[in-house]
Amino acid sequence: MTARQRRIFHKLSVVTHRLQKLADQRIAQVAPITTAQAAVLSALKNEEANSQRGIARALGLNESAITAMMNRLIKAGYIERTKSQTDGRIWQLTITEAGNGILAETVAPFSTINAILERALSDQELEQFANYLERIQDVAADDAG
């Protein structure tokens, strides 16, 4: 049976939407940020990126899609933007102490979402699922060019 016949994309969309909605609700109870903003802060904290373009790539988003989000995070004092010392055209982004603090507030809500996955799948299934998602992401990235 094909992915289309099994409605895999639809099922992924529904699950993603439900988990995203639940995560946003749980985050909103403890912090004044969204899950997307938490992802930006996490990428900065983990040094996956230090520019707007790098953040967009790390999160698989268009750079234009995160411009407003970056400005809100800067205005809130969760990240700082400074000119690169090596390239004056580039702005370097860093997470602030306040950003680290607010990100720490999101650990428990995200843990509840991960607990849902852990209740649904065994450890072996979780490992396989993570591998499948990475493979799908790689193929989709290749197709996107």
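In this chain, residues are counted from 1 in sequence order.
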Might you work through the side chain to side chain contact (heavy atoms under 4.5 Å, CB included) test for Gln37 and Arg72, ending with a clear yes or no?
CA-CA 9 Å; Gln37 290 169 329; Arg72 283 191 296 275; 3.6 Å; yes

Who else is in [X]'s hydrophobic cluster (ILVMFWY, side-chain heavy atoms under 4.5 Å, direct or via others)?
| X | answer |
| --- | --- |
| Val30 | none |
| Ile66 | Ile27, Ile33, Val40, Leu41, Leu44, Ile55, Leu59, Leu61, Met69, Met70, Leu73, Ile74, Tyr78, Ile79, Leu93, Ile95, Ile102, Leu103, Phe110 |
| Phe129 | Val15, Leu19, Leu22, Ile113, Ile116, Leu117, Leu121, Leu126, Leu133 |

For [X], which residues count as a side-chain contact (heavy atoms from CB on, under 4.5 Å) partner, sequence neighbours excluded?
| X | answer |
| --- | --- |
| His10 | Arg7, Val14 |
| Ser122 | Gln124, Glu125 |
| Gln137 | none |
| Phe9 | Ser13 |

I'd like to know if the side chain of [X] and the backbone of [Y] have a donor-acceptor N/O pair within less than 3.5 Å.
| X | Y | value |
| --- | --- | --- |
| Ser111 | Val107 | yes |
| Glu134 | Asn131 | no |
| Asn100 | Lys45 | no |

Above 12 or not: heavy atoms from other molecules or residues under 6.0 Å from [atom1] of [X]?
| X | atom1 | value |
| --- | --- | --- |
| Lys21 | NZ | no |
| Asp138 | CG | yes |
| Gln85 | CD | no |

For Arg135, all residues meeting salt bridge (charged side-chain N to carboxylate O under 4.0 Å, His left out), sequence neighbours excluded
none

Suppose we screen for side chain to side chain donor-acceptor pair (under 3.5 Å). Which residues come up paired with [X], at least two apart in sequence or across chains?
| X | result |
| --- | --- |
| Glu118 | none |
| Asn114 | none |
| Glu127 | none |

Rounded distance [0.5 Å steps], CD in Gln92 versus OG1 in Thr82:
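Spacing of CD (Gln92) from OG1 (Thr82) equals 6.0 Å.
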
Arg26 side, atom CZ; Thr112 side, atom OG1 - distance, nearest 0.5 Å
4.5 Å

Can you give me the closest heavy-atom contact between Ala49 and Gly54, atom names plus distance?
CB-C, 3.2 Å

Which atom pair, heavy atoms only, marks the closest approach of Ser42 to Glu48?
O-OE2, 4.4 Å

Within a strict 4.5 Å, meaning less than it, do heavy atoms of the Arg81 and Asn71 side chains meet?
yes

Do Asn50 and Thr94 come close enough that some side-chain heavy atom pair is under 4.5 Å?
no

Residue pairs fulfilling side chain to side chain donor-acceptor pair (under 3.5 Å) with at least one residue in residues 58-70, sequence neighbours excluded:
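As it turns out, the side chain to side chain donor-acceptor pair (under 3.5 Å) pairs with a partner in residues 58-70, which skip direct neighbours, are Gln52-Thr67, Arg53-Glu63.
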
